[in-house]
Amino acid sequence: MTAVARAARFVPSPAGIGLARYVVLRNVTAFRRAWLLLLSGFVEPVFYLFSIGVGLGALVRTVTTDSGTVVPYAEFVAPALLAASAMNGAIADSTYNVFFKLRYQRLYDAILATPVGPRDIAVGEILWSLMRGALYSAMFLAVAWVAGLVHSWWALLAVPAALLVGLAFGAVGMFATTFMSSWQHFDYITLAVQPMFLFSATFFPLSTYPEALQWLVAATPLYHGVALERSLVLGEVSWGLLWHVGYLAALGVVGVVGTSRRIATLLLT
Amino acid sequence: MTDDVLLHARGLTKSFGDFTAVDGIDVLVRRGEAFGFLGPNGAGKSSTMKMVGCVSPATGGELRILGMDPAVDGPAIRARLGVCPQQDMLDEDLSVEENLWVYGRFFGLSRREVRARTDKLLDFAQLTERRHDRVEPLSGGMKRRLTIARALVNNPEVLLLDEPTTGLDPQARHVLWDRLYRLKRDGVTLIITTHYMDEAEQLCDRLVVMDHGRIVAEGSPRQLIDTYSTREVVELRFAVDEQERHVEAVRGVADRVEELPDRLLVYTADGDDTLAALHDRGVRPLSALVRRSTLEDVFLHLTGRSLVD
Ligand SMILES: Nc1ncnc2c1ncn2[C@@H]1O[C@H](COP(=O)(O)OP(=O)(O)O)[C@@H](O)[C@H]1O
Ligand SMILES: [Mg+2]
């Protein structure tokens, strides 16, 4: 038995998945009294959609995408907002919330006294964040569809794609959070997220950026999320999208593994 | 070694950088015992408890809990332990009963099992009326009892209690002790740390006295008192500045005398005899109190300091 147990410790995820779901359950239970909060996560991107997509769209009318098609501005920007809101939701969950649980509530100290381990906590927190993300992005997509901005069946894949964006940002955000020791450090997160939100080919196609900056834009994780979402929602699907998928998934894995290690370093001293 | 040994430590050590918090302790706890670590703040009690609770790796020495090695079988050991840490760490986003439900699920218990146990545990913790309340407004004593109830949700074979009554008022302490007696009676092995000598005397069948990360004595409360103290103690208080003048005379009639800033402690087999002898020598204290020796006296004898500062 011990030989098996010893071997199991070196196998990455499966052993952890079983207990991670109870970390999710804890969050679901805690959230039962705060259903209204769920709404706020949905409302913001929809406001953006109507103010920027529809409002600005009345001025700009059409855009030529990086793949060369001409589309109404609102259709161009809707998928980007989906990606951006997946990012924002995941960042909020994995930074502020996790920081509070880690440093103030000492929730994880209490959990680690049970058979649940650091990896279960990291995986559980991400899963919980993704569950909410799935709900938000499905609702957003429905609104966009009702508003007549969605025409392709490929758009259904936009929801799993939004989860991938959530995974990447949630995991990396959580990893970063484990290095923070005060609320001031959150300014760095804002400093990273805000420009990304504005300049990841979110509101204009990549080709409108100065050539010298294009590579920088294309290197940001949100760019990959936006490009993936836009291709799916506009139905411009190609094998090339797998590159975005790979990039985001890799970030997710790095973040989850890093977070597990950091939780162990911080709390199992 | 038999199944009866639940905790076995040899040369157990914990260092933080070049500071040694636990300095090579040997401990053996058997099933059904109430075992204590008695020592002042900073003695290394919590550090020891965290190693036993498998949330802190030992720096050196050997540690076996339930026959297993924490470095290898941490989750399996934790599944059979109940841990009541020094700080409550309850989940303030949850209600009283949800704290028990959710914690039980962390042990992989089914929803049904957890709900069934919750009623009993709430009853045990005398919190049935508060089951739907949030945790935050509960009194310190209630929070402690909830923490203990939560630690019992997996029917642990061993319950670790790190300073269970520190910070509670006397009334709340007695309620808590009563709960712990019950557990003891039901056969749960208790491992308790405390810096209260009365708590150690009340609860522990056997204990070690810890100081600066080392074990300085070991035995039952009775044995420790018999070995390291006398049967009785006379506490003498003098008018300001008078104490020093009388020390020599007092030393003449007793086995041992400890000088504290505000009083003299005179160690003797028979307090009344000692008082009479002092009277004969013309020693007239402001007040004189004869009492039995306690673990506090043991600690004073062993370390030259008092337990609570
Ligand atoms: N994580 C830590 N890092 C550095 N020093 C620590 C840490 N935990 C405890 N110590 C030190 O170890 C000593 C023993 O602490 P502790 O085990 O908490 O004692 P007790 O519980 O008996 O009061 C103290 O001097 C404390 O400052
Ligand atoms: Mg302590």
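All chains are named by letter (A, B, ...) in the order of the sequence lines, taking the proteins before the strands, and each is independently numbered beginning at 1. Basis for what follows: all heavy atoms, side chains included, without hydrogens, waters or symmetry-related copies.
B/Arg115 forms a cation-pi arrangement with B/Trp101, by the criterion of a distance under 6.0 Å to the ring centre and an angle within 45° of the ring axis. For the pair B/Arg105 and A/Tyr22, the cation does not sit on the ring face, since its NZ or CZ is not both under 6.0 Å from the ring centre and inside 45° of the axis.
Qualifying salt bridge (Lys or Arg N to Asp or Glu O under 4.0 Å) partners for B/Lys50, counting only residues two or more places apart in sequence or in other chains: none.
Chain A forms the most heavy-atom pairs under 4.5 Å with one residue out of B/Ser56, B/Cys54, B/Ala151, B/Pro85, and that residue is B/Ser56. Heavy-atom pairs under 4.5 Å with chain B peak, among A/Thr269, A/Leu267, A/Val116, at A/Thr269.
Both the backbone and the side chain of A/Leu268 come within contact range of chain B, with heavy atoms under 4.5 Å apart. Looking at B/Val83, the atoms closer than 4.5 Å to chain A (heavy atoms on both sides) all sit in the side chain, from C-beta outward. The contact between B/Ser95 and chain A is made by backbone and side chain atoms together, counting heavy-atom distances below 4.5 Å. Only the side chain of B/Arg134 comes within contact range of chain A, judged by heavy atoms closer than 4.5 Å. Heavy-atom distances place no part of B/Arg80 under 4.5 Å from chain A, backbone and side chain included.
In the displayed structure, A/Phe179 atom CZ is contacted under 6.0 Å by more than 12 heavy atoms of other residues, nucleotides or ligands. Residue A/Phe197 places its CZ atom among more than 12 non-hydrogen atoms of other residues, nucleotides or ligands, all under 6.0 Å distant.
Applying the ring-ring contact (aromatic ring centres under 6.0 Å, His included) definition to pairs two or more places apart or across chains, none involves residues 38-75 of chain B.
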